[in-house]
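In what follows, chains are A, B, ... by sequence order, proteins preceding strands, each numbered from 1.
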Amino acid sequence: MCGRFAIFSSFQAIKNHYKILKEIDELEKNFNLSPGQYSPIITQNQNKLFITKMRWGLVPFWAKDEKIGYKLFNCRSETILEKASFKYAFQKRRCLVPVNGFYEWKKPEKQPYFIHLKKQKIFSLAAIWESWKTPIGNTLNTFSIITTKPNKSIQNIHNRMPLIIPQKDEEKWILSRNLQDVQSLLSPYPDENMSIIKLDNPVNDNLSNNLIREAVIIDVRR
DNA sequence: CCAGACGTTGTT
DNA sequence: GTCTGG
DNA sequence: CCAGACGTTGTT
DNA sequence: GTCTGG
């Protein structure tokens, strides 16, 4: 599954990665971003990639209570077209979550691991998004990260992992209107480009953050 | 038909 | 809005 | 996902 | 032990 991630690259770096020009407010670095918090999200507007802020935890447009979002922060790739909560968003509102890495916990000892890509400082988790009208008429944009089977590196830690979209497929994921093309991207990322580091518990202390930052920089330079 | 849920993970 | 269970 | 709370009454 | 908030 995917219940935490890190995005600590600068806003400019994120925009450069996706070749985006539009300006929005800078966001804080976050080494331990959880459901309920806001994160930069890449989506499309008039067939161009664009960046905006959304809250993690999908609130479907028909929801009566935004609290449902706390339950819908992941969705299974295998059944995404069968679920009333997800099928429309999957067909019409796919997005990407720029991350520097994500976390998985191994049971039963709750040992945390940080997982990132060796050759890419920023990479993309596949997600879907929704727009919800609050009772006082505001718009709340939310997203849910898609999960899939683990690859070999991760299966020792956990039985699910987030769906990672390779850089070459990022535009296709967001812009394609051919459902088969999109479905062809629903497969686990190959494990040879992944790097996994074991962390102290809890993960959100300065030592862990520095360890993570160093690991990402070193792997990208290698 | 209506009422009520709409999800994942992991554990039993 | 749509699906499932009663 | 984890961390932290886990309550009621009455008032704004 | 279970629910809620981040």
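In this structure, A/K172 places its NZ atom where more than 12 heavy-atom neighbours from other residues, nucleotides or ligands lie under 6.0 Å away. In this structure, A/Q180 places its CD atom where only 12 or fewer heavy-atom neighbours from other residues, nucleotides or ligands lie under 6.0 Å away.
On the P atoms, B/dT11 is 11 Å away from D/dC2, given to the nearest whole Å. Annotation: B/dG7 and D/dC1 have their C1' atoms spaced 14 Å apart (nearest Å). Between the C1' atoms of B/dT9 and C/dG1, the separation comes to 27 Å (whole Å). When the C1' atom is used for both D/dG10 and E/dC3, the distance is 25 Å, rounded to whole Å.
Here A/C2 lies out of heavy-atom contact (under 4.0 Å) with every strand. Residue contacts shown for A/R76 are limited to sugar-phosphate atoms, with no base heavy atom under 4.0 Å away. Using a 4.0 Å heavy-atom criterion, one finds that A/F5 contacts no nucleic acid atom at all. Across all strands shown, A/P202 has heavy atoms under 4.0 Å from sugar-phosphate atoms exclusively, and none from any base.
Taking only side-chain nitrogens and oxygens, A/R160 comes nearer than 4.0 Å to OP1 or OP2 of B/dT9.
Near DNA chain B, meaning a heavy atom under 4.0 Å away, there are no residues from residues 128-145 of chain A.
For DNA chain D, the stems formed by at least three consecutive Watson-Crick or G-U pairs, with both atom-pair distances below 3.5 Å, span D:1-6 with E:1-6.
Not less than 6.0 angstrom separates the ring centroid of A/Y113 from the ring centroid of A/W105.
Applying the side chain to side chain contact (heavy atoms under 4.5 Å, CB included) rule to A/E28 yields no partners; only residues at least two apart in sequence or on another chain are considered. Applying the salt bridge (charged side-chain N to carboxylate O under 4.0 Å, His left out) criterion to A/E214, with sequence neighbours excluded, gives no partner residue. Take A/D169 and apply the salt bridge (charged side-chain N to carboxylate O under 4.0 Å, His left out) test, not counting sequence neighbours, and it matches no residue. Under the rule for a ring-ring contact (aromatic ring centres under 6.0 Å, His included), A/Y189 has no partner lying at least two apart in sequence or in another chain.
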Measure all distances between protein nitrogen or oxygen atoms and nitrogen or oxygen atoms of nucleotides 1-6 of chain B, and list the pairs falling under 3.5 Å.
from	atom 1	to	atom 2	distance (Å)
B/dC6	O3'	A/S85	OG	2.8

Using a cut-off of under 3.5 Å, enumerate the N/O to N/O pairs linking the protein to nucleotides 4-6 of chain C.
none

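Atom CD in A/E104 sits about 15 Å away from atom P in B/dT8, given to the nearest Å. In this structure, A/K92 atom NZ and C/dG1 atom P are separated by 16 Å, rounded to whole Å. Per the geometry, NZ belonging to A/K87 stands 16 Å off C1' belonging to B/dG7, to the nearest Å.
The shortest distance between side-chain heavy atoms of A/R94 and A/W129 does not fall below 4.5 Å.
Among residue pairs with one or both ends in residues 192-201 of chain A, those qualifying as side-chain hydrogen bond (donor to acceptor under 3.5 Å, both in side chains) are A/S195-A/D219; sequence neighbours excluded. Listed by first then second residue, pairs satisfying salt bridge (charged side-chain N to carboxylate O under 4.0 Å, His left out) with a partner in residues 155-168 of chain A read A/E78-A/R160, not counting sequence neighbours. Sequence neighbours left out, the pairs with a member in residues 125-141 of chain A that pass salt bridge (charged side-chain N to carboxylate O under 4.0 Å, His left out) are A/R93-A/E130. Each side-chain hydrogen bond (donor to acceptor under 3.5 Å, both in side chains) pair with one or both residues in residues 118-128 of chain A, not counting sequence neighbours, appears once here: A/Y18-A/S124, A/S124-A/E170.
With rounding to the nearest 0.5 Å, the separation of CG in A/N210 from CZ in A/F31 is 7.5 Å.
Classified by interplanar angle (parallel below 30°, tilted 30° to 60°, perpendicular above 60°), the ring pair A/W56/A/F73 is perpendicular.
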